[in-house]
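Structure, as structure tokens:
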Number of protein chains: 2
Amino acid sequence: MTGTQLTRRKRANGVESRQRILDAAVQIASERGYDGTSIAAVSARCGLPASSIYWHFRDKDDLLAAVIERSFETWLAAVDLPGEETGTPLQRIVAVGAAVAASLVDAPDFLRLGLMLALERRPEEPRGRAVFLQVREVARQKFTEVIETLLPDLDPANVRTVVTYALAGADGLFLQREIHGDVVDFTAMFELHARLVYEAALQMAPGTPQDQAQP
Amino acid sequence: MTGTQLTRRKRANGVESRQRILDAAVQIASERGYDGTSIAAVSARCGLPASSIYWHFRDKDDLLAAVIERSFETWLAAVDLPGEETGTPLQRIVAVGAAVAASLVDAPDFLRLGLMLALERRPEEPRGRAVFLQVREVARQKFTEVIETLLPDLDPANVRTVVTYALAGADGLFLQREIHGDVVDFTAMFELHARLVYEAALQMAPGTPQDQAQP
DNA sequence: AATCTACCGTAGCGATCGTTCTAGTTGTAG
DNA sequence: CTACAACTAGAACGATCGCTACGGTAGATT
């Protein structure tokens, strides 16, 4: 009686090897970019021969796409957006900003790798870049819904403007931290950003009541 | 009578070849990043053999550093910061934002390449990355002075916060445009950004008189 | 005319690239 | 036991990598 295993896939360390390969690949890709990520370097860092990498992944492009996918899932798990609390809209949007800031500190690989891939514009787009743009669009949609529920008076064009500005600010603050380190407090900058985004949205939709502006 | 040429350096197309090499290199580096920029590809695009590239530049790292340097000078020429006009601080800071926005549309290579290089973190840093970080620091210093003259009541810590937020926003908006194109009006986003930065600074230094907030 | 410097063209070096082939090895199923 | 699937090991492939050696050519200097 085999019992525990439902599927036929057994044999010990297949999944672990896959994770080790991905771990090595995400490190090297973060250091050296797409072209700089050589199979030999990944092989050396994870301790498995190149042929093992090619057993787990079709080719280099497939490997890098898997790296993006996994780092996205890791990041998604790191963001826990605050639920439907009963605070003011300002408090809620600041809470969202804080959650995003914390997730980017805990799991920066996704955005770092994604931005590196997104900045490149090679004739034939790597699959990883497409994956990044796609999941990023999902994130944008999620945030759009947050804005819409928090500020129902905002017309769609203004929503788009606010969301774009909010995401751009998040990208920029993340970049700042990646490049210069914590020259200023990252979480505090995100809180400032959230406040400013909210103020901007308020100015666009004057019908919304303004909560306590001064302490 | 040779006449026109003052210096001894003549022989036709040396400088022009150098420019052609740099033109090709900036294109390919924008498409494929540091490692992706192969000498063979640059050679093919500019029509000069690899040996000519190595006559003009010591090695690949030197070439990429020169690319960053030249694209920085091009960008610098594209920004013409508004002089000491007599408008309100808000008007002046919005004008600065508009000037930066226009320059990034006209000469995006510097920031695009620089960010690509800056995001990578290889064991041995490319010279181009150091060059980028250095001139970027100069730009930050310039903007710090603008803020200090416009808002003399702001204490240094707040100045740093405001400047960091302003630059991060500019980076983020630029990224947005690079990745998604003009999904929303780039110049308008920069104006919004300038306004928000100014409002944030005002809130930090309550002593400053506030100009016309509402039209 | 002779020389020199600036620059281009060809060929090729050793190293590394992505990828594949083939031959193991090892846990599980019949 | 045999059979097979899951995985690893090592060697090697053609292509391309960064880079160099070297000879040629054309304006400037003498």
Side-chain angles (χ1 to χ4, degrees), chain A residues 1-25 28-29 31-67 122-124 126-128, chain B residues 1-25 28-29 31-67 122-124 126-128:
Chain A
M1 65 180 66
T2 49
T4 54
Q5 49 263 38
L6 319 164
T7 66
R8 72 277 176 72
R9 51 161 30 263
K10 270 300 111 228
R11 171 60 196 270
N13 42 1
V15 273
E16 188 208 317
S17 292
R18 192 176 205 272
Q19 298 303 319
R20 277 182 36 205
I21 294 171
L22 287 174
D23 287 339
I28 294 177
E31 290 172 6
R32 325 185 63 114
Y34 185 87
D35 272 299
T37 305
S38 73
I39 300 294
V42 174
S43 164
R45 187 159 310 192
C46 72
L48 289 169
S51 56
S52 288
I53 298 179
Y54 279 93
W55 193 90
H56 288 281
F57 305 94
R58 186 150 38 85
D59 53 19
K60 173 174 164 173
D61 203 54
D62 190 42
L63 169 62
L64 269 295
V67 163
R122 43 190 87 218
E124 23 169 330
R127 263 190 57 211
Chain B
M1 62 178 67
T2 49
T4 54
Q5 50 264 36
L6 318 164
T7 66
R8 72 279 175 73
R9 52 162 27 264
K10 269 304 107 220
R11 171 56 197 271
N13 40 2
V15 273
E16 187 208 317
S17 292
R18 192 176 205 272
Q19 298 302 320
R20 275 180 39 205
I21 294 171
L22 287 173
D23 287 339
I28 294 177
E31 290 172 7
R32 325 184 63 111
Y34 185 87
D35 272 297
T37 304
S38 72
I39 300 295
V42 174
S43 164
R45 186 159 310 191
C46 71
L48 289 169
S51 57
S52 288
I53 298 179
Y54 280 93
W55 193 90
H56 288 280
F57 304 95
R58 186 149 38 87
D59 53 19
K60 173 175 165 172
D61 203 53
D62 190 42
L63 168 63
L64 270 294
V67 164
R122 42 189 89 218
E124 23 168 327
R127 264 189 57 211

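Each chain gets a letter, A, B and so on, in the order the sequences are listed, and its residues count up from 1.
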Which pairs with one or both residues in residues 38-49 of chain A pass salt bridge (charged side-chain N to carboxylate O under 4.0 Å, His left out), sequence neighbours excluded? A/E31-A/R45

Nearest whole Å is fine: how far is D/dG18 P from B/R58 CZ? 16 Å

Given D/dT8, is OP1 or OP2 found less than 4.0 Å from the side-chain N or O atoms of A/H56? yes

Strictly distance-based, threshold 3.5 Å: is any side-chain N or O of B/S43 a donor or acceptor partner for the main-chain N or O of B/I39? no

Between A/Y54 (OH) and C/dC17 (P), how many Å, whole number? 11 Å

CG of B/D23 to OG of B/S17: how many Å apart, nearest 0.5 Å? 11.0 Å

Among D/dA6, C/dG9, D/dC19, the one nearest B/L48 by side-chain distance: C/dG9

Roughly how many Å is it from CD in B/Q19 to P in C/dC7, rounded to a whole number? 13 Å

Please write out the pairs of protein N or O atoms and N or O atoms of nucleotides 21-24 of chain D separated by less than 3.5 Å, giving the distance to one decimal.
none

Rounded to the nearest Å, what distance is computed from the CZ atom of residue A/F57 to the C1' atom of nucleotide C/dG18? 16 Å

Kindly write out the residues that satisfy side chain to side chain contact (heavy atoms under 4.5 Å, CB included) with B/D62, not counting sequence neighbours, or none if the list is empty. B/F57, B/R58, B/D59, B/R127

Could you state the atom-to-atom distance from CD1 of A/I53 to C1' of C/dC21 in whole Å? 17 Å

From the set D/dT8, D/dC19, C/dC8, return the single nucleotide nearest to any side-chain atom of A/S17. D/dT8

Measure the distance from CG on A/L64 to P on C/dT19 and round it to the nearest whole Å. 11 Å

Please tabulate the protein-to-nucleotide N/O contacts below 3.5 Å involving nucleotides 12-17 of chain D, giving atom names and distances.
from	atom 1	to	atom 2	distance (Å)
D/dC17	OP1	B/S38	OG	3.2

Only counting residues at least two apart or in another chain, list the ones meeting side chain to side chain contact (heavy atoms under 4.5 Å, CB included) with B/A41. B/I28, B/S38

A/D61 CG to C/dC17 P: how many Å, rounded? 17 Å

Find the distance A/R18:CZ to D/dT8:P and express it as a whole number of Å. 12 Å

For B/R122, all residues meeting salt bridge (charged side-chain N to carboxylate O under 4.0 Å, His left out), sequence neighbours excluded: B/D35, B/E120

Who passes side chain to side chain donor-acceptor pair (under 3.5 Å) against B/Y54, sequence neighbours left out? none

For A/R20, salt bridge (charged side-chain N to carboxylate O under 4.0 Å, His left out) partners two or more places apart: A/E16

Test side chain to side chain contact (heavy atoms under 4.5 Å, CB included) applied to A/S52 - qualifying residues, sequence neighbours left out: A/L48, A/P49

